[in-house]
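All remarks here apply to the structure that follows.
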Amino acid sequence: HRIAVCDAAGQALPVGVAGEIVVGGDGLALGYLGRERETRQRFQPTAALDGARGFRTGDLGRWRPDGGLDCLGRLDRQMKIRGVRVDPAEVRAALLLHPGVADAAAAGWVGTDGETVLAAWVVHLPGHAPAASALHAWLHDRLPRAALPSAYVRLAQLPLNPNGKVDVRALPAPGPDDLPASGEGNAPRLPLTAAQARLADVWERVIGSRPGSADADFFMMGGHSLNAARLAQAVRQEWGVPLDAAAVFEVPTLAAMAT
């Protein structure tokens, strides 16, 4: 048997890029009995299989660097967000890579304006509670902009149906606290404390922008996982405090980090 991960034209995709799983080989079926239209749609010559017939499974997958194949869900479960096709399964897979996330789900959610947006529901590992902005920054490094959720709901566990799969209809609606707000809103801006001002200097050196208030959020100001590590190193040098990059995700605001 032969397996390929292909784009819409049947061309092979590189390691790490998601596409449709296509199978071929000597044991490939002739087609669907009595269903010629579906046979033509599913059984096609495929460039990634050197032009041989392949079966388009309808499953989304990607090759791993170690040669394994990640199965990411069904292509027919993709959705359009602001005109762009997004696969919730790929968003979930990226969330599960976060060191503080135990389980996750992603699905469409109709906002108050009637527009469908993408939302994520996250179960954290014990001792971890990354903020919505930190999760947003984590995905920003790994997914296209259109695939970034508009809300992140924290749950103790995901609701399951009798088959053991996530019950999307039972997921709670996101609230105002679940939005990855910038932290630079309309709240009164109090003068920074000495510790906050000193930390603001460090932020400015790392991301090139100085926070204007104590509730400013490192990730919403342009921080990401790489310069979170740089920030942690700078804080260790400045204060001798054993801060690491994971802690930056836990306390992303200037006030919390200064404390």
Donor-acceptor under 3.5 Å ([X] side chain, [Y] main chain):
| X | Y | answer |
| --- | --- | --- |
| E20 | G58 | yes |
| R236 | L243 | yes |
| R53 | L30 | yes |
| W203 | L231 | no |
| N161 | N163 | yes |
| W138 | A94 | yes |

Say whether [X] and [Y] are linked into one hydrophobic cluster, either directly or through other cluster members, by side-chain heavy-atom distances under 4.5 angstrom.
| X | Y | value |
| --- | --- | --- |
| L97 | V86 | yes |
| V22 | I3 | no |
| L95 | L158 | no |
| W63 | L49 | no |
| L192 | F218 | yes |

[atom1]-[atom2] distance between [X] and [Y], expressed to the nearest 0.5 angstrom:
| X | Y | atom1 | atom2 | answer |
| --- | --- | --- | --- | --- |
| Q44 | T39 | CD | OG1 | 11.0 Å |
| R35 | R42 | CZ | CZ | 10.0 Å |
| S150 | L118 | OG | CG | 7.0 Å |
| M257 | D217 | CE | CG | 8.5 Å |
| D70 | R62 | CG | CZ | 5.5 Å |
| R210 | R205 | CZ | CZ | 10.5 Å |

At their closest point, which heavy atom of [X] faces which heavy atom of [Y], and how far apart are they?
| X | Y | value |
| --- | --- | --- |
| P65 | V15 | N-CG1, 3.6 Å |
| V248 | A228 | CG2-O, 3.8 Å |
| L139 | P149 | CD1-CD, 3.4 Å |
| A48 | Q11 | CB-C, 4.2 Å |
| A18 | L13 | O-CD1, 3.4 Å |
| C71 | I21 | SG-CD1, 4.1 Å |

Just wondering, do [Y] and [X] contact through their side chains at under 4.5 Å, heavy atoms?
| X | Y | answer |
| --- | --- | --- |
| L171 | W109 | no |
| T253 | P211 | no |
| D103 | V166 | no |
| H136 | L148 | yes |
| T193 | R198 | no |
| L199 | L254 | yes |
| H98 | V122 | no |

Donor-acceptor contacts, no H, no angles, side chain residues 124-132, under 3.5 Å, sequence neighbours left out:
unit_1: H124; atom_1: ND1; unit_2: R154; atom_2: NE; d: 3.4
unit_1: H128; atom_1: ND1; unit_2: E250; atom_2: OE2; d: 3.1

Ring-plane angle category for Y32 and F55, please: parallel below 30°, perpendicular beyond 60°, tilted otherwise. perpendicular

Test side-chain contact (heavy atoms from CB on, under 4.5 Å) on E238 and D201; report intermediate values, then the result. CA-CA 11 Å; E238 185 79 15; D201 292 338; over 6 Å; no

After noting the C-alpha distance and the side-chain angles of V101 and L135, does the key distance pass the side-chain contact (heavy atoms from CB on, under 4.5 Å) rule? CA-CA 9 Å; V101 173; L135 293 173; 4.0 Å; yes

